[in-house]
Protein chains: 2
Amino acid sequence: MRLSKTSEYALRILSFMAKEPEQKYSAKSLVETLKISDKYLRRLMTDLSKAGFIKSTRGREGGYSFAKKINNIVLADIIDSVEGMDKYMGCVLGFDKCSDENPCAMHSTWIHVREKFTETFEHKTLADFNYSEIHKF
Amino acid sequence: MRLSKTSEYALRILSFMAKEPEQKYSAKSLVETLKISDKYLRRLMTDLSKAGFIKSTRGREGGYSFAKKINNIVLADIIDSVEGMDKYMGCVLGFDKCSDENPCAMHSTWIHVREKFTETFEHKTLADFNYSEIHKF
DNA sequence: ATTAAATACCACTTGTATATAGTATATTAC
DNA sequence: GTAATATACTATATACAAGTGGTATTTAAT
């Protein structure tokens, strides 16, 4: 029940931006606010841009803003864009060929847990959250 | 939705042993069957012994066997013994101080997913699985 | 007692995700 | 043109999980 730092960061960035979805954010300001290292954040921003969630404006007064409506940005797609959801879809015992047809001992138990996760992440969009709270580090 | 290799291995070992819970298993045989590296498995066996799930018999004809009934061995306790369940209990956005009282934007969504996991792992024991299937690597 | 089979322990190496540094270049406001 | 902001690329450093090596110790068959 843990995402990688990479996915954590991607969600942290976009959920922060979603609080004021029309605004433009410089990489610098995001780095300072979200406590993510500069270069790493910039790399993620490139991934998120390529995936079409945000667009970048170069030059003075440049920055990042959403390229599409936040109610069309699904969490699973965010994770896919930075590292891939399949990373989180494996067998709980680590078996290569574990499936409904060829299950490991814990398969039927595990898929319920995993499905709760995938279902949530495939249905929730950035518009489904409560951004009134202040994030504290 | 992924456990570390360490937890994966611990569950893989004990679920394999649970298929024939009265038997004694040598480290060697477990290594060969379960495709876990020798030294790593032995280290995990030590952890699992210290936690009281299994007992070891040294010397010729030695090996490992369960130290308690498998219906008293809870999955969450297994993970605790090798690395700690708290590793899987963090905030989805990686915030240090995220709680019901001081939640991040995704908190209320995430705890449902996380609770499905913890509930399952805190209630299921090694006796709750179907060991008829053959594990394939 | 000897020997073989096993576990236990300490230190070290490897691998991978994460993080940083540096350089070059493009774009835009002023 | 200058400054501020962005992308792109390459190389390297760090941290931690995973895996290995070597030796000590325990036990039981013989």
Side-chain angles (χ1 to χ4, degrees), chain A residues 2-13 17 23-67 79 81-88 90 93-94, chain B residues 2-13 17 23-67 79 81-88 90 93-94:
Chain A
R2 237 196 122 210
L3 302 181
S4 67
K5 290 260 179 210
T6 301
S7 285
E8 237 176 61
Y9 291 164
L11 295 180
R12 201 191 290 174
I13 293 163
M17 289 175 63
Q23 212 174 303
K24 191 164 64 184
Y25 300 85
S26 71
K28 198 179 173 191
S29 74
L30 292 172
V31 161
E32 283 166 4
T33 313
L34 300 176
K35 311 280 184 248
I36 301 172
S37 76
D38 187 75
K39 289 294 167 70
Y40 210 73
L41 178 132
R42 286 170 195 275
R43 204 157 79 194
L44 291 177
M45 296 313 266
T46 305
D47 288 341
L48 295 172
S49 298
K50 281 179 181 161
F53 304 129
I54 56 178
K55 54 175 182 269
S56 65
T57 333
R58 287 183 164 198
R60 228 184 136 124
E61 306 289 301
Y64 301 94
S65 57
F66 281 108
I79 293 180
S81 75
V82 293
E83 62 174 356
M85 273 294 279
D86 49 316
K87 200 172 152 180
Y88 299 103
L93 297 182
Chain B
R2 238 195 121 210
L3 302 180
S4 66
K5 291 259 179 208
T6 301
S7 286
E8 236 176 62
Y9 290 165
L11 294 180
R12 199 191 292 175
I13 294 163
M17 290 175 63
Q23 211 175 305
K24 191 164 64 182
Y25 299 85
S26 71
K28 198 179 172 192
S29 73
L30 292 173
V31 161
E32 283 166 5
T33 312
L34 300 175
K35 312 285 185 241
I36 302 171
S37 78
D38 187 76
K39 289 294 166 69
Y40 210 72
L41 178 132
R42 285 168 195 277
R43 202 158 80 196
L44 291 177
M45 296 313 268
T46 306
D47 288 341
L48 296 172
S49 297
K50 281 180 180 161
F53 304 128
I54 55 178
K55 54 176 183 268
S56 63
T57 335
R58 287 185 164 199
R60 236 180 130 125
E61 306 289 300
Y64 300 96
S65 56
F66 280 109
I79 292 180
S81 75
V82 292
E83 62 174 356
M85 273 292 280
D86 48 316
K87 201 173 150 179
Y88 298 102
L93 298 183

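Everything quoted here is computed from the prediction, not taken from an experiment.
Between A:Ser4 and B:Tyr64, the one whose closest nucleotide on DNA chain C sits nearer the 5' end is B:Tyr64.
Look at CD1 on A:Ile54: it is 8 Å from P on D:dT7, rounded to the nearest Å. Spacing between atom CG of A:Leu44 and atom P of D:dA6 amounts to 15 Å, rounded to whole angstrom units. Per the geometry, CZ belonging to B:Arg42 stands 16 Å off P belonging to D:dT23, to the nearest Å. Here the P atom of nucleotide D:dA17 and the OH atom of B:Tyr9 are 14 Å apart, to the nearest Å. Here the P atom of nucleotide D:dA8 and the CG atom of A:Asp38 are 15 Å apart, to the nearest Å. Atom-to-atom, CG of A:Leu30 to P of D:dT7 comes out at 11 Å; the value is rounded to the nearest Å.
The ring-ring contact (aromatic ring centres under 6.0 Å, His included) search around B:Phe66 returns none, not counting sequence neighbours. Scored by the side chain to side chain contact (heavy atoms under 4.5 Å, CB included) test, B:Val82 finds B:Thr6, B:Ser7, B:Ala10, B:Leu44, B:Asp47, B:Leu48 as partners (sequence neighbours excluded). For B:Arg2, there are no salt bridge (Lys or Arg N to Asp or Glu O under 4.0 Å) partners at least two apart in sequence or on another chain.
Between B:Met45 and B:Ser56 the shortest side-chain heavy-atom distance does not fall below 4.5 Å.
In this structure, B:Ser65 OG and B:Gln23 CD are separated by 10.0 Å, a value rounded to the nearest 0.5 Å. The distance from the CG atom of A:Leu41 to the OH atom of A:Tyr64 is 7.5 Å, given to the nearest 0.5 Å. B:Thr57 contributes atom OG1, which lies 4.5 Å from atom NZ of B:Lys24 (distance to the nearest 0.5 angstrom). Atom-to-atom distance recorded for A:Ile79:CD1 and A:Glu8:CD is 10.5 Å, nearest 0.5 angstrom.
Using a 4.0 Å heavy-atom cutoff across all strands shown, B:Lys50 reaches sugar-phosphate atoms only and no base atom. Among the heavy atoms of the strands, none lies under 4.0 Å from B:Ser49.
Closest of all the heavy-atom pairs between A:Tyr88 and A:Ser4 is OH-N, 2.8 Å. The minimum heavy-atom distance between B:Ala51 and B:Ser81, with the atom names listed, is CB-CB, 3.5 Å. Between A:Arg12 and A:Leu34 the shortest heavy-atom distance is NH1-O, 2.7 Å.
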Atom pairs under 3.5 Å: protein N/O with N/O of nucleotides 26-30 of chain D:
from: D:dT26; atom 1: O4'; to: B:Arg58; atom 2: NH1; distance (Å): 2.2
from: D:dT27; atom 1: O2; to: B:Arg60; atom 2: N; distance (Å): 3.3

Which atoms of nucleotides 10-14 of chain D (N or O only) lie under 3.5 Å from a protein N or O atom, and what are those distances?
none

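Reading DNA chain C from its 5' end, the first and the last nucleotide to sit under 4.0 Å from a heavy atom of chain A are C:dT18 to C:dA29.
Taking only distance into account, the side chain of B:Lys39 meets the base of D:dG22 through a donor-acceptor pair shorter than 3.5 Å.
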